[in-house]
Amino acid sequence: MAIEVFNRYENKYLLDHAAYQKLYNDLLEYMEPDDYNKQHEFYSITNLYYDTAHDSLIRSSLAKPKYKEKLRLRAYGVPDQDTKVYLEIKKKVFGLVNKRRTSLKLQEAYDFVATGVEPEYREYMNKQVIEEIKYFLSRYDLMPKVYLSYERKALFCKNNRDLRITFDTNIRSRRYDLKLEHGTHGEYLMPQGQWLMEVKAEKTIPVWLAKMLSEHRMYRTSFSKYGNEYKQMLKASKIEKESALYA
């Protein structure tokens, strides 16, 4: 069974393709691709983010509070109605990320968020997380707002499975056609060839990794896929309004 509860620290870095290749090759001395990446170069992750009509969750998150939370629906690849997907609450408290998720079939997940009525329990569901999501839905009037997809390569430390590093590229987004089953089309969120690296660890990172990041001149950055999409949307909307004024 896939892990459904995570508590870890996540640090993010932006890399161009040359920097990614050099670092990735060096990491292979200590880390290995996850089981899927041993057979495929990438795997595709598709997400649907939920928010209020006035984008309360993402606006609160961008204000960098000590506590923030969001709800998203995640699939691996492009799902159909009967595909198992993950509905998850992601929280961040003083830098510690807590993620709680449950498996659902795609249509079950859509219906749960739309109505707030929990699905009939099946053995593939996490009953406790279902209850937590139900409470979350009672606090916010949510709707699908943003689709995000990307290709991922993931590494695990050979002697410590609590340390994981992921590389995401070809990040695409859209605010229309908000169905996971409709494919990965959308606008690019970053220039092609750029990578987002995330270092995920339950505790502090090992000395060898800290040294390697320093040698490669990797510096932490603040980068939220949903947050950056929202900021780009606001910028595009402002430009559109200004253009209309002078048309």
Side-chain angles (χ1 to χ4, degrees), residues 1-47 70 72-79 83-103 124 126 129 148-171 184 190 193-226:
M1 179 180 291
I3 299 173
E4 295 179 332
V5 178
F6 303 80
N7 285 288
R8 62 196 183 194
Y9 293 94
E10 298 180 352
N11 294 318
K12 301 179 181 182
Y13 306 79
L14 291 174
L15 299 75
D16 63 23
H17 191 68
Y20 151 74
Q21 286 185 310
K22 291 177 182 177
L23 179 61
Y24 186 89
N25 289 333
D26 284 354
L27 285 170
L28 291 178
E29 180 180 351
Y30 301 92
M31 308 189 76
E32 61 183 1
D34 73 6
D35 290 341
Y36 190 84
N37 282 141
K38 289 178 179 178
Q39 304 174 48
H40 307 273
E41 185 176 5
F42 300 101
Y43 57 90
S44 176
I45 296 179
T46 57
N47 304 275
K70 58 189 172 187
R72 71 185 176 197
L73 182 58
R74 167 168 288 187
Y76 294 89
V78 177
T83 299
K84 298 283 179 53
V85 296
Y86 290 102
L87 186 60
E88 56 187 40
I89 299 174
K90 188 173 182 180
K91 305 177 182 180
K92 192 171 185 180
V93 186
F94 292 103
L96 179 64
V97 173
N98 172 267
K99 187 163 68 173
R100 306 177 70 77
R101 68 187 192 178
T102 180
S103 296
Y124 51 80
N126 184 313
V129 176
L148 278 165
S149 69
Y150 39 91
E151 274 72 59
R152 168 167 288 183
K153 298 182 76 168
L155 298 172
F156 280 102
C157 185
K158 293 177 180 177
N159 58 15
N160 178 10
R161 303 297 283 185
D162 292 335
L163 175 63
R164 186 167 183 255
I165 297 180
T166 60
F167 296 90
D168 296 337
T169 192
N170 293 330
I171 304 173
T184 60
M190 301 191 308
Q194 191 170 28
W195 294 77
L196 173 65
M197 178 178 76
E198 296 185 44
V199 177
K200 307 173 183 186
E202 290 189 7
K203 299 178 182 179
T204 57
I205 64 172
V207 173
W208 66 261
L209 179 55
K211 182 179 179 182
M212 186 180 296
L213 293 173
S214 176
E215 290 174 346
H216 284 261
R217 298 187 178 183
M218 295 287 116
Y219 304 105
R220 285 188 296 173
T221 188
S222 175
F223 188 97
S224 159
K225 297 183 184 78
Y226 182 19

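Residue numbers start at 1 and run along the sequence shown.
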Problem - Donor-acceptor contact below 3.5 Å, side chain N11 vs main chain R220 - result: no
Expected list for residues 22-29: side-chain donor-acceptor pairs under 3.5 angstrom, two or more places apart:
| from | atom 1 | to | atom 2 | distance (Å) |
| --- | --- | --- | --- | --- |
| N25 | ND2 | Q21 | O | 3.1 |
| D26 | OD2 | H216 | NE2 | 2.7 |

Completion exercise
Which of R72, K99, R101 passes side-chain contact (heavy atoms from CB on, under 4.5 Å) with Y86? It is R101
Handout entry: Within 6.0 angstrom of K92 NZ, more than 12 heavy atoms from elsewhere
Key = no
Practice task
Please state whether the rings of Y30 and W208 are parallel, tilted or perpendicular, taking 30° and 60° as the class boundaries.
Solution key: parallel
Exercise for the section: May I ask you to check if K84 and Y124 form a cation-pi contact, with NZ or CZ under 6.0 angstrom from the six-membered ring centre and within 45° of the axis? Expected result: yes
Handout entry: Smallest separation among heavy atoms of T102 and N126, with atom names
Key = OG1-N, 2.8 Å
Handout entry: Side chain to side chain, K225 and N47, heavy atoms closer than 4.5 Å
Key = no
Handout entry: Side chain to side chain, I165 and L209, heavy atoms closer than 4.5 Å
Key = yes
Practice task
Tell me, yes or no, whether the heavy-atom count around R161 atom CZ, taken from other residues, nucleotides or ligands under 6.0 Å, exceeds 12.
Solution key: yes
Completion exercise
All heavy atoms of D16 vs all of A19, minimum pair found to be OD1-N, 2.8 Å
Exercise for the section: Given side-chain contact (heavy atoms from CB on, under 4.5 Å), test Y150 with T169 step by step and report yes or no. Expected result: CA-CA 6 Å; Y150 39 91; T169 192; over 6 Å; no
Practice task
Without swapping roles, check the side chain of T46 against the backbone of L148 for a donor-acceptor pair under 3.5 Å.
Solution key: no
Exercise for the section: Specify whether Y20 and H17 have parallel, tilted or perpendicular ring planes, treating 30° as the upper limit for parallel and 60° as the lower limit for perpendicular. Expected result: tilted
